[in-house]
Amino acid sequence: MNYPSYTQPDPFEATTCVVYAIELDKSVLQDPKFKEKNPNYINGKTCVYIGMTSLDVGERYTQHLSGINSSRIAKHWGRGIISDLVTPRKPTLRRWAIKQERSTARQLRASGYGVWQA
């Protein structure tokens, strides 16, 4: 008799995450890689780092500044959490948060913001 196989759920995938934004200092525009990723940046618009985390957003921001699992961009140019550019959502499964992170970055870039996405 054949029984259906059972696989353990991936605990990494089951983690819930939220998308967040960190405001970046405008001097990030001097970084060649940042500039390359933002060819349609409109002068005067905010520059942001978009990420996702399973941690408290404030705790994750502190990690960036401390260099713990940090983005070079967020660590060097991060100025604070900015909440008005990210639609507040309840924590969601990691696979959906990844899609939200990409979508948020794409929408902001299309609107002329300077965006660095993890």
Side-chain angles (χ1 to χ4, degrees):
M1 183 179 270
N2 289 335
Y3 292 101
S5 62
Y6 175 76
T7 57
Q8 291 283 349
D10 181 355
F12 182 76
E13 176 54 39
T15 304
T16 57
C17 300
V18 294
V19 175
Y20 64 96
I22 295 173
E23 183 173 8
L24 302 173
D25 188 271
K26 294 276 200 252
S27 61
V28 73
L29 293 165
Q30 303 307 310
D31 183 85
K33 289 183 181 179
F34 188 88
K35 206 169 182 178
E36 179 185 319
K37 292 280 186 183
N38 294 283
N40 298 319
Y41 172 72
I42 297 172
N43 195 26
K45 289 269 196 172
T46 304
C47 294
V48 295
Y49 169 88
I50 302 292
M52 65 169 211
T53 184
S54 61
L55 304 174
D56 171 77
V57 174
E59 183 180 343
R60 184 65 186 111
Y61 175 65
T62 300
Q63 284 185 340
H64 277 296
L65 297 182
S66 302
I68 300 169
N69 296 324
S70 180
S71 160
R72 171 184 68 87
I73 296 287
K75 179 182 180 187
H76 189 75
W77 287 285
R79 295 297 171 251
I81 297 165
I82 185 168
S83 57
D84 61 337
L85 294 179
V86 177
T87 305
R89 293 193 171 106
K90 294 179 185 176
T92 187
L93 290 177
R94 183 174 299 278
R95 70 174 168 260
W96 296 112
I98 290 169
K99 290 178 182 184
Q100 290 172 358
E101 177 186 350
R102 289 177 185 155
S103 173
T104 299
R106 216 175 11 256
Q107 289 171 2
L108 290 172
R109 268 198 195 101
S111 297
Y113 289 88
V115 180
W116 191 263
Q117 182 205 344

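With sequence neighbours excluded, no residue forms a ring-ring contact (aromatic ring centres under 6.0 Å, His included) with Tyr20. For Gln63, the side-chain hydrogen bond (donor to acceptor under 3.5 Å, both in side chains) partners are Arg60, not counting sequence neighbours. Glu101 pairs by the side-chain contact (heavy atoms from CB on, under 4.5 Å) definition with Val19, Ile50, Met52, Gln117, Ala118, not counting sequence neighbours. Residues satisfying the side-chain contact (heavy atoms from CB on, under 4.5 Å) test with Thr62, not counting sequence neighbours, are Ser66.
Ser54 contributes atom OG, which lies 9.0 Å from atom CD of Glu59 (distance to the nearest 0.5 angstrom). Interatomic distance, CD1 of Ile82 versus CD1 of Ile22, reported as 11.0 Å (0.5 Å rounding).
Under the 4.5 Å side-chain heavy-atom criterion for ILVMFWY residues, no single connected hydrophobic cluster contains both Leu65 and Leu55. Leu85 and Ile73 fall into different hydrophobic clusters, where Ile, Leu, Val, Met, Phe, Trp and Tyr side chains are chained together by heavy-atom contacts under 4.5 Å. Follow the hydrophobic side-chain contacts under 4.5 Å out from Val18 and you reach Ile81 in the same cluster.
Heavy-atom minimum distance, Phe34 versus Leu29: CE2-CD2, 3.8 Å. Between Val86 and Ala21, the shortest heavy-atom contact is CG2-CB, 3.5 Å. Shortest non-hydrogen contact noted between Ala97 and Thr92 is N-CG2, 3.7 Å.
Evaluation of the side chain to side chain donor-acceptor pair (under 3.5 Å) test over residues 24-34, restricted to residues two or more places apart or in two chains, returns Asp25-Ser27, Asp25-Arg79, Ser27-Trp77, Asp31-Arg72. Pairs engaging residues 36-53 under the side chain to side chain donor-acceptor pair (under 3.5 Å) rule: Asn38-Arg109 [sequence neighbours left out].
Contact check for Val28 versus Trp116: no side-chain heavy atoms found under the 4.5 Å cut-off.
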